[in-house]
Amino acid sequence: MHYNISERDIFLFHQGTNYHSHQLLGCHHIDWKDTHGYRFAVWAPNAKEIRVVGDFNQWNGSAYSLKRITEEGLWVGFFTDIPENLPYKYEIVTSNSHVLLKADPYALQSELRPATASLTPISSVYDWNDQQWQEKKKKFDAYKSPVSIYEVHLGSWKTKEDGEFYTYRELAGELIPYVKSLGYTHIELLPLAEHPFDLSWGYQITGYFSVTSRYGPRDDFKYFVDECHRHNIGVIMDWVPGHFCKDDFALREFDGEPLYEYADPRKAEKKSWGTLTFDFGRPEVQSFLISNALFWFQEYHIDGIRVDAVASMLYLNFDKYDGDEKIYNSFGGEENLEAYAFIRKLNEIVFSYEPTALMMAEDSSDLPLVTAPTYAGGLGFNFKWNMGWMNDMLKFMEKDPIHRKWHHNLLTFSFMYTHSENFLLPLSHDEVVHGKKSLLNKMPGDQWQQFANLRLLYGYMMAHPGKKLLFMGGELAQYAEWKDKEQLDWHLLDYPLHEAMFTYVKALNHFYLDNTELYELDHHSEGFEWIDPHNVDQSIVAFRRRSSNQEDELIIVCNFTPNVCYDYKIGVPAPGTYVEVFNSDAAEFGGSGQINEADHFSIPKKWHTLPQHIKIKVPPLAIAVFKRKNTINMTEEVME
């Protein structure tokens with residue numbers, strides 16, 4: 001045994017099955033032979049020598065050499081004179097005698113950029129207070145529950161007057177009550193792992209186990225998560241297991257040779273992103289990545305991870321340009337079989353340790369069975385982002401209403417496959433950057449029509465089967481794209497239409513939370529039924545959303561033109577009195593006030609294949625939702 005390292009842990013690491021390898025590698029406080037100090041362990045099979053250097057030894061590691069303890073390249077050292085919270089790196093002498101300075105792949109904290117060293121860890125003293133949340137989570141069924149996610153980039157949600165970031169603790173006091181008041185159930189955070197370049201938003205990582213130091217120390221991030229749970233808000237983190245950045249101090253050619261990345265540059269290079277692909281077939285890389293996923297769940301109590309860029313992992317030629325040499329697997333296909341096996345293994349292991357985890361795939365491919373269990377041939381995620389719905393809906397909404405009837409299939413096509421996976425409907429940061437325009441600015445027409453279109457888009461998303469996600473700023477109806485160096489345009493709340501949009505998003509979220517019909521059967525065909533998908537000329541669709549008892553249901557009518565329709569017939573399933581329970585055209589939301597105030601008594605004549613129908617006023621560029629009055633409630637009203 002070397003410094004409390006067991007042979008079993010070493011064996012499992014090299015087998016790709018040490019799922020807590022962060023406890024083996026990296027820098028850790030330990031007691032060894034009645035002496036307290038730091039144990040350093042690093043995997044570098046191609047190195048000739050490795051030394052620990054830092055401020056504590058003036059970056060001269062002659063007295064701080066590590067010892068190679070396995071043929072597979074595990075190096076270990078133990079030192080008693082290194083203080084807490086000081087920068088360090090590994091000085092690696094390569095096989096051709098070049099000297100590299102590398103940050104620790106398993107570091108728990110890193111220096112604030114532009115500095116790039118790892119920091120010797122301070123023992124965490126945080127005392128968690130989310131036991132009630134953890135108990136509640138054991139009974140949580142995400143498939144049958146409302147899931148409405150507010151996607152956040154912490155560095156640009158809100159900044160201080162001098163442009164400085166809010167800290168994790170300050171954000172806990174500002175962001176969490178804000179999200180709670182808006183009716184969201186979860187916060188999704190753009191990647192939090194340490195990264196050198198602000199404009200990568202965290203998607204090009206150098207410290208997979210280091211929560212970014214931009215907003216404070218790691219115990220302060222624990223406090224942020226704890227406060228989310230105290231307010232009954234789940235925390236989802238974007239996670240990037242597909243690729244990493246090429247900065248010399250990080251994982252790239254870590255010991256002078258390709259190690260974490262593929263040795264074959266055709267498989268390693270992600271040209272458009274300037275990054276390198278992990279070698280998913282290498283056992284030690286599997287231990288590294290799966291340990292990292294579990295680490296965020298167990299160390300920071302997060303509730304889910306959104307796995308970024310799954311398609312880029314699954315396909316060998318994902319990033320190839322015309323004229324580039326294509327590569328194929330051993331069966332002649334373009335699938336990365338190692339990545340397929342890794343993803344299945346990842347999901348199996350995460351769910352074995354964290355049964356209530358949300359494992360969400362951001363997958364732009366049309367691969368089937370992404371959310372099917374691995375034993376049934378699936379990838380094993382429990383949710384998939386519905387990128388097809390997002391692309392089709394934004395294309396449709398960008399059309400002038402007079403032309404929408406020629407593109408009606410974009411509106412309805414998603415219902416052909418919506419129950420083939422457990423989908424989440426995203427309107428994410430990717431749709432409001434790089435010249436794509438803000439959501440509001442995508443909408444056609446004059447100012448009133450732009451706002452009405454945006455309300456309609458949000459309402460249609462809420463009514464459509466699937467869980468929901470909206471990127472920060474969407475509730476403000478920003479005209480400008482997301483400005484990743486500046487805070488959101490909070491001043492917009494001083495303007496009536498923007499304030500009304502904020503009011504609308506809040507009301508829409510709470511309406512969603514209050515109506516089981518909108519989420520309980522998201523992933524079952526019994527929860528949805530068309531009333532009329534065929535009114536192409538007027539661009540009006542109507543459908544039913546049902547809850548599990550099959551008695552509670554909502555009648556949803558969406559009008560994608562600015563025309564008001566009077567005495568419009570809508571088929572209904574049962575006789576009774578129908579009332580409008582939500583209308584995006586309400587004046588308080590900035591609409592024209594074309595609402596249905598009176599009760600609507602069903603007419604016993606078949607319409608839309610249903611035995612009864614009602615006549616309603618269809619508001620312009622709006623969603624209107626109706627519900628049948630319950631007999632008991634009607635009796636109570638009469639008695640009162």
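Position 1 is the first residue of the sequence; numbering continues from there.
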Can you sort out the partners of [X] under salt bridge (charged side-chain N to carboxylate O under 4.0 Å, His left out), two or more places apart, ordered by chain and number?
X: R545; answer: D522
X: E580; answer: none
X: D599; answer: K629

### Parallel, tilted or perpendicular, as decided by the 30° and 60° cut-offs, for the rings of H613 and W607
tilted
### Query
Once the angle between the rings of Y458 and Y504 is folded into 0 to 90°, is it parallel (under 30°), tilted (30 to 60°) or perpendicular (over 60°)?
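Rings of Y458 and Y504: parallel, as their planes differ by under 30°.
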### Query
Counting distance only, does the side-chain N/O of K442 pair as donor-acceptor with the main-chain N or O of E431 below 3.5 Å?
yes
### Query
Is there a donor-acceptor pair closer than 3.5 Å between any side-chain N or O of H407 and the backbone N or O of F396?
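Answer holds: no.
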### Task
Assert yes or no for the condition that the ring centre distance of F528 to F415 is strictly below 6.0 Å.
yes
### Query
Is the centre of the Y512 ring less than 6.0 Å from the centre of the F582 ring?
no
### Message
Within the 4.5 Å heavy-atom criterion, are N549 and T516 side-chain neighbours or not?
### Response
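No; the side chains remain at least 4.5 Å from each other.
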Quick one: side-chain contact (heavy atoms from CB on, under 4.5 Å) partners of [X], sequence neighbours excluded?
X: D366; result: none
X: K606; result: none
X: A587; result: none
X: V370; result: A361, D363, L367, L379, F381, K384, E421

### Task
Decide if atom CD of E597 counts as having more than 12 heavy atoms of other residues, nucleotides or ligands within a radius under 6.0 Å.
no
### Query
Should we count CZ of F511 as having more than 12 external heavy atoms under 6.0 Å?
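Result for CZ/F511: enclosed.
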### Query
Between R628 and S602, is a side chain to side chain contact (heavy atoms under 4.5 Å, CB included) present by the stated rule, with each step listed?
CA-CA 9 Å; R628 186 168 68 95; S602 65; over 6 Å; no
#### Entry: K627 bridged to E517 by N-O distance under 4.0 Å
yes
### Task
Determine, for E348 against K345, whether the closest basic-nitrogen to carboxylate-oxygen distance falls under 4.0 angstrom.
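Result for this pair is no, no salt bridge flagged.
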Who passes side-chain hydrogen bond (donor to acceptor under 3.5 Å, both in side chains) against [X], sequence neighbours left out?
X: W157; result: Y150
X: Q594; result: K617
X: K437; result: none

[X] side chain to [Y] side chain, donor-acceptor N/O pair below 3.5 angstrom:
X: D585; Y: S592; result: yes
X: Y578; Y: Q612; result: no
X: H301; Y: D130; result: yes
X: S548; Y: E520; result: yes

#### Entry: Heavy-atom pair of closest approach, residues P426 and W389
O-CZ3, 4.0 Å
What pairs of donor and acceptor atoms, side-chain ones from residues 560-574 against any protein atom, are under 3.5 angstrom apart with sequence neighbours left out?
unit_1: T561; atom_1: OG1; unit_2: N559; atom_2: OD1; d: 3.0
unit_1: T561; atom_1: OG1; unit_2: N563; atom_2: N; d: 3.3
unit_1: Y568; atom_1: OH; unit_2: N535; atom_2: ND2; d: 2.6

### Summary
Residues pairing under ring pair (Phe, Tyr, Trp, His ring centres under 6.0 Å) where one sits in residues 422-450, two or more places apart or in two chains, turn out to be W201-H429, W201-H434, Y203-H429, Y417-F423, H429-F471
### Task
Please say which of R306, K468, M360 ends up in a side-chain contact (heavy atoms from CB on, under 4.5 Å) with I149.
M360
